[in-house]
A.B. asks: 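Pasting in a structure now, in structure tokens, and then I'll have a few things to ask.
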Amino acid sequence: MYVDRMSPLWVEGQVIEYKIRPGAKMQFLKLRDLETDTSMTVTAWAGVIEAAGPALEEGSRVVTRVKPVFWERSGSLNLQAAELHLQGLGDLLARIEELRRRLAAEGLFNEDFKKPLPFLPRRIGLICGRNAKAKDDVVVSATDRWPSAKFEIREVAVQGTNCVREVTQALAELDAIEDIDVIVIARGGGAVEDLLPFSDEVMVRAAAAAKTPVVSAIGHEGDSPLLDLVADYRASTPTDAARRIVPDRARELDGIEQATNRIRNAVATRLATESQRITTLTSSPVLASPTAVLDGHKAALDKQVTTLRHLFERNLAARKHELGQAQATLTALSPQATLDRGYTLLKLPNGQVVRDAADIKKGDLLEGILARGRMVAQVFGTTPASPTQDSQGDNP
């Protein structure tokens, strides 16, 4: 339901009702807001009450980190406390809550501004306490996962008055190193007072301004300094930070092997499929005998060629016959044929063919054209044509 999804918040008020219940795991108290004069029941585990100290009593002013809880059976709404601090420390926490609201309004905690962590950083920047267990937790866990992981470590004060200055300076130094791809700020658990520097505005703004992705690994799961909100990734513990900043080599190798097997199987399946397709295609009649499609056309073409050849031969024979007849007719009508029958063609010296005896006289020389060869003859006399010959025409 909606109440379960509500985020924790810090509440300041005065305890107006509180009775110790010895041996009980859950304690109850009623808290009043002095400004609005409203009150609400607050439940807390016995450990939370014990951490507040023996000075907690009715009339005390406290600051507590609570989460709304709705009890369905009774239909009641109350606040369940995860932390409870008396006035003094409570004032500091109240100021931190005010700072949180102000920075949130500026958008420093917006998820859209968070930078993604690299899959495998070239070098890891680590800011931690001097000889701190958090350093070993990060380095050992990271190298166990990825043996070749490289670190650039800055050991600084992680609590006290120098903490903010040294952590901020170390962050700036590491952010300026080109091959550092991620920066981890790590500190083990501790009292609320020890973790207050990691909610300092100067440190929070420095982490927001860093170009390199920042991982916050401060305290344990229940601790939540403002650095967690502005960091690009919030690790619940330093060990969790190590798991997040480098991949697991064994898992990655296993993933590569599985991917290789999938690829190999996919290629084998594809080859088998394509091989089957080729077999199917090559067994088809067309590919089994590629000329089968052309055989019918070839037969039709051969028939047409034969028909054309016969038509051509008949037409050629007819033309030859016609040519023979024309040649015979030409031969019969040619002068050579007349000569071959024993006639002679006479010409005057000027080349004029003699047609009439009147055209020559005694003593003229005439050229005689025979069937084979020529001759020269002299006229010794002529006989004029008779009237009968004139009427019948000249005979050759």
Side-chain angles (χ1 to χ4, degrees), residues 5 109-128 133-154 171 174-186 188 207-208 210-218 220-221 227-295:
R5 296 196 298 270
F109 306 149
N110 196 323
E111 291 292 332
D112 295 338
F113 297 151
K114 295 187 183 299
K115 298 174 285 295
L117 301 187
F119 170 72
L120 181 60
R122 291 171 294 177
R123 200 147 53 121
I124 303 164
L126 175 59
I127 301 174
C128 58
K133 183 177 183 299
K135 169 186 173 181
D136 295 334
D137 289 344
V138 174
V139 174
V140 173
S141 297
T143 52
D144 282 346
R145 292 170 60 84
W146 197 264
S148 60
K150 297 179 180 179
F151 284 87
E152 182 71 22
I153 301 174
R154 295 290 185 272
L171 178 61
L174 296 176
D175 192 37
I177 299 176
E178 182 179 357
D179 64 344
I180 289 182
D181 295 326
V182 64
I183 299 173
V184 179
I185 303 176
K211 302 186 299 295
T212 308
V214 174
V215 174
S216 173
I218 306 300
H220 300 297
E221 182 67 39
L227 182 64
D228 284 352
L229 301 179
V230 77
D232 298 294
Y233 178 77
R234 176 194 181 273
S236 58
T237 62
T239 302
D240 177 51
R243 288 196 296 265
R244 186 62 184 85
I245 59 177
V246 293
D248 187 337
R249 183 175 182 274
R251 180 178 298 177
E252 295 302 323
L253 290 176
D254 183 61
I256 292 173
E257 183 178 0
Q258 292 182 16
T260 302
N261 291 335
R262 287 195 298 269
I263 294 173
R264 185 180 292 111
N265 293 336
V267 171
T269 301
R270 182 62 180 271
L271 290 176
T273 301
E274 296 303 324
S275 177
Q276 181 60 39
R277 291 181 61 188
I278 293 174
T279 301
T280 302
L281 290 173
T282 54
S283 63
S284 64
V286 173
L287 290 181
S289 178
T291 60
V293 176
L294 303 177
D295 289 343

A.B. asks: Would you say Lys115 has more than 12 foreign heavy atoms packed within less than 6.0 Å of its NZ?
C.D. replies: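 Check passes, neighbour count above 12.
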A.B. asks: Roughly how far, to the nearest 0.5 Å, is OG of Ser236 from CG of Asp228?
C.D. replies: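 The OG atom of Ser236 is 10.0 Å from CG of Asp228, to the nearest 0.5 Å.
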A.B. asks: Any side-chain donor paired with an acceptor under 3.5 Å for Arg262 and Asn265?
C.D. replies: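 Their side chains do not contain a donor-acceptor pair, so the 3.5 Å distance test is not met.
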A.B. asks: Heavy atoms only: give me the nearest Pro116-Pro213 pair and the separation to one decimal.
C.D. replies: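 Looks like O-CG, 3.5 Å.
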A.B. asks: Heavy atoms, side chains only, cut-off 4.5 Å: are Leu120 and Pro247 in contact?
C.D. replies: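 Answer yes - side chains close enough.
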A.B. asks: Would you say that more than 12 heavy atoms from the other residues, nucleotides or ligands in this model lie under 6.0 Å from the CZ of Arg123, or not?
C.D. replies: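 Yes, CZ of Arg123 has more than 12 neighbouring heavy atoms, counting only those of other groups under 6.0 Å.
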A.B. asks: May I ask you to test the Val138-Thr239 pair for a side-chain heavy-atom distance under 4.5 Å?
C.D. replies: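 Side-chain contact under 4.5 Å: no.
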A.B. asks: Looking only at heavy atoms, what is the nearest atom pair of Asn110 and Asp112, with distance?
C.D. replies: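 Scanning both residues, the minimum pair turns out to be OD1-N, 2.9 Å.
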A.B. asks: What's the spacing between Trp146 CH2 and Asp248 CG if we round to 0.5 Å?
C.D. replies: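 CG of Asp248 is found 9.0 Å from CH2 of Trp146.
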A.B. asks: Evaluate Arg244 against Val215 for side chain to side chain contact (heavy atoms under 4.5 Å, CB included), listing each step before the verdict.
C.D. replies: CA-CA 9 Å; Arg244 186 62 184 85; Val215 174; 5.6 Å; no
A.B. asks: What distance do Cys128 atom SG and Lys133 atom NZ have between them, rounded to the nearest 0.5 Å?
C.D. replies: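 Result: 12.5 Å between the selected atoms.
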A.B. asks: For the residue pair Ile180 and Gly125, what are the closest heavy atoms and their distance?
C.D. replies: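 So the two residues come closest at CG2-N, 3.7 Å.
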A.B. asks: Does atom CD of Glu178 have more than 12 heavy-atom neighbours, drawn from other residues, nucleotides or ligands, at distances under 6.0 Å?
C.D. replies: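 No, not enclosed.
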A.B. asks: Please round to the nearest 0.5 Å and tell me the distance separating atom CG of Asn261 and atom CD1 of Ile256.
C.D. replies: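 Between Asn261 CG and Ile256 CD1, I get 12.0 Å after rounding to 0.5 Å.
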A.B. asks: Would you check if Ile183 and Ile127 make a side-chain contact, meaning some heavy-atom pair closer than 4.5 Å?
C.D. replies: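 Of all side-chain heavy-atom pairs linking Ile127 with Ile183, at least one is under 4.5 Å.
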A.B. asks: Side chain of Asp181, backbone of Pro118: donor and acceptor closer than 3.5 Å?
C.D. replies: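 No; zero donor-acceptor contacts below 3.5 Å.
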A.B. asks: List the atom of Asp232, the atom of Phe113, and the distance in Å for their closest heavy-atom pair.
C.D. replies: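 Result for this residue pair: OD1-O, 4.3 Å.
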A.B. asks: For the residue pair Leu174 and Glu152, establish whether any side-chain heavy-atom pair is separated by less than 4.5 Å.
C.D. replies: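 Answer yes - side chains close enough.
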A.B. asks: Under a 4.5 Å cut-off applied to non-hydrogen side-chain atoms, are Val246 and Ile124 in contact?
C.D. replies: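 The answer is yes; the side chains approach within 4.5 Å.
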A.B. asks: Report yes if the side chains of Ile153 and Val139 come closer than 4.5 Å at any heavy-atom pair, otherwise no.
C.D. replies: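 Yes - at least one pair of side-chain heavy atoms lies under 4.5 Å apart.
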A.B. asks: Would you compute the distance between atom CD1 of Ile245 and atom CZ of Arg145 and round it to the nearest 0.5 angstrom?
C.D. replies: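 So the CD1 of Ile245 and the CZ of Arg145 are separated by 9.5 Å.
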A.B. asks: Counting only N and O atoms by type, is there a donor-acceptor contact under 3.5 Å from the side chain of Asp254 to the main-chain atoms of Ala250?
C.D. replies: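 No.
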A.B. asks: Would you find a donor on one side and an acceptor on the other, under 3.5 Å apart, between the side chain of Ser141 and the backbone of Asp137?
C.D. replies: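 Here the side-chain-to-backbone pair exists.
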A.B. asks: Under 4.5 Å between any side-chain heavy atoms of Asp240 and Tyr233, yes or no?
C.D. replies: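 Answer yes - side chains close enough.
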A.B. asks: With the threshold set at 4.0 Å, does a side-chain nitrogen-carboxylate oxygen contact exist between Arg249 and Glu252?
C.D. replies: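 Judged by the 4.0 Å cut-off on N to carboxylate O distance, Arg249 and Glu252 do not form a salt bridge.
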A.B. asks: Examine distances only and state if a side-chain atom of Asp175 and a backbone atom of Thr212 form a donor-acceptor pair shorter than 3.5 Å.
C.D. replies: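 Looks like yes, one N/O pair under 3.5 Å.
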A.B. asks: Does any non-hydrogen side-chain atom of Leu126 lie less than 4.5 Å from one of Ile185?
C.D. replies: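 They are not in side-chain contact.
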